[in-house]
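Hydrogens, waters and symmetry mates are skipped; everything else that's a heavy atom, side chains included, is used. The shown structure was predicted, so the numbers you read here are calculated from the model rather than taken from an experiment. One-based numbering, in listed order, for ligands and for the atoms of each.
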Amino acid sequence: MPDTLTLTDNRTGKKYEVAIKNGAIRAMDLRQVKVDDADFGLMSYDPAFMNTASCQSKITFIDGDKGILRYRGYPIDQLAEKSNYLDVAYLILYGELPTAAQHDEWIEAIKLHTMLHENLKKFMEGFHYDAHPMGMLVSTLAALSTYYEEAKRISDPQVRRMQTLRLVAKIPTIAAYSFRHSIGRPYVYPDNDLSYTGNFLNMMFKMTEPKYKVNPALERALDVLFILHVDHEQNCSANAMRAVGSSHTDPYSAAAAAAAALYGPLHGGANEEVLRMLELIGSKDKVPEFIKRVKAGEGRLMGFGHRIYKNYDPRAKIIKQMADAVFDVTGKNPLLDIALELERIALQDEYFVSRKLYPNVDFYSGLIYQALGIPTDMFPVMFAIPRTSGWIAQWEEMVTDPEQKIARPRQVYLGAGERNYVPVDKRK
Ligand code: ACO
């Protein structure tokens, strides 16, 4: 049987044969379907890209029905158990796990770029004292483009590599400064003796002690959280990174757009919303009543449901397992009992079962961040740190893909037909 699809246009009786490749037809093949020569040709209408692939990618594989997530072919649970964030960032960016020599070189290169220009520090100081840290992160990412003029030369692989190093290295520094600023503490310079996550904890929490002592269990937990958040194929922020980057803007501006997309409560802002929801519920016995309200359409169960996963999000499974290691050090987060009860009830309830709504990555991550002493406002920022490497990998793949052009969707126009201008005194 040929790998083709035969279409019959019942308006004209004409038949068309279009190729099927990798489980998809090319939307442009529909354009030949016309009523007459004046017809523009058939388009597909797909609000929110429910069934449209915008690219071919070799980065991340997800099987949402089976709950499978792989980066460059490696199962997420193996990476979370055996790898570390920078190792995984290299994998996602360059396609292969680094050799020992490449690993060392990569870590050294990242360490070289962890500091921010002093003026950028001043830029961040200009934010209002209670500015949301994610707003600071979005703006500071965009501001980076004004420091690295050459970043515009996106067709030069060396230039792209340099901005990749800068973005991966500086994002924790910007993130930590946004936190320190929001609570009025002085900024802490990076300590390159520490690991990527150890240094981030140092920049977040160091007080007057000459050297910050990292708790290895918490450092590891954060590293695993970072691994789980590296990439998730064509999600809203990756799509923003690609779409904005497709106009050949510099990667800092594109990353600012991606971070802005991540900020929304339906995407990376969801973990913040989960914590607010758990606090609002207040106690385990109020869970059934809350579920009732969700089912009545009075709000959503935040941290539940996913566009792609119609099964337990594999990342949520790993985070849930990891929670105990963190709570052993920090003491149990009292909101955990409410979260567990929500999950228990929801997973038995027909409303959630029939809609295949399971906990997603955000359901438990906020509880761990909170146990680490990270305030709720910072949760989307925590997501943005590791996702930066994913965004750059998506951007790099887009920039080097000869098939990609400026992203410019079509529309189905339903507005008024042509009409003549009416002067203001004649309008009704
Ligand atoms: N609580 C209650 N009902 C829900 C939820 C939820 N969390 N999520 C989906 N539903 C219901 C919808 O009301 C809809 O019901 P209906 O068919 O009776 O109208 C049905 O399930 C399908 O929902 P959609 O909104 O069509 O699903 P979509 O794929 O567009 O949305 C999304 C996915 C945005 C993640 C959604 O599940 C949601 O809002 N979840 C809560 C927010 C959240 O946790 N976001 C984080 C996502 S993970 C990430 O970005 C890292």
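Counting atoms of ligand 1 from 1 in the listed order, those under 4.0 Å from a heavy atom of V361 are 51 (C). In the vicinity of L301, heavy-atom distances shorter than 4.0 Å reach the ligand 1 atoms 1 (N), 2 (C), 6 (C), 7 (N). Ligand 1 places these atoms under 4.0 Å from at least one heavy atom of Y351: 2 (C), 3 (N), 4 (C), 11 (C), 13 (O).
Counting only heavy atoms, the protein gets under 4.0 Å from atom 42 (C) of ligand 1. Under the 4.0 angstrom criterion, atom 29 (O) of ligand 1 counts as having a protein heavy-atom contact. Remark: atom 19 (O) of ligand 1 lies closer than 4.0 Å to no protein heavy atom.
Looking at N360 against ligand 1, only its side chain comes within 4.0 Å, counting heavy atoms.
Checked against a 3.5 angstrom limit, the closest N/O atoms of G268 and ligand 1 fall outside it.
Y351 carries R355 over the face of its six-membered ring, with the cationic atom under 6.0 Å from the centre and within 45° of the normal.
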Show every donor-acceptor pair shorter than 3.5 Å between a side-chain atom in residues 47-54 and any protein atom, with sequence neighbours excluded, or say none if there are none.
unit_1: T52; atom_1: OG1; unit_2: D46; atom_2: OD2; d: 2.4

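Panel note: side chain E150, backbone V159; no donor-acceptor pair is recorded below 3.5 Å.
Nearest to atom 34 (C) of ligand 1 by heavy atom, out of R300, H267, H232, is R300.
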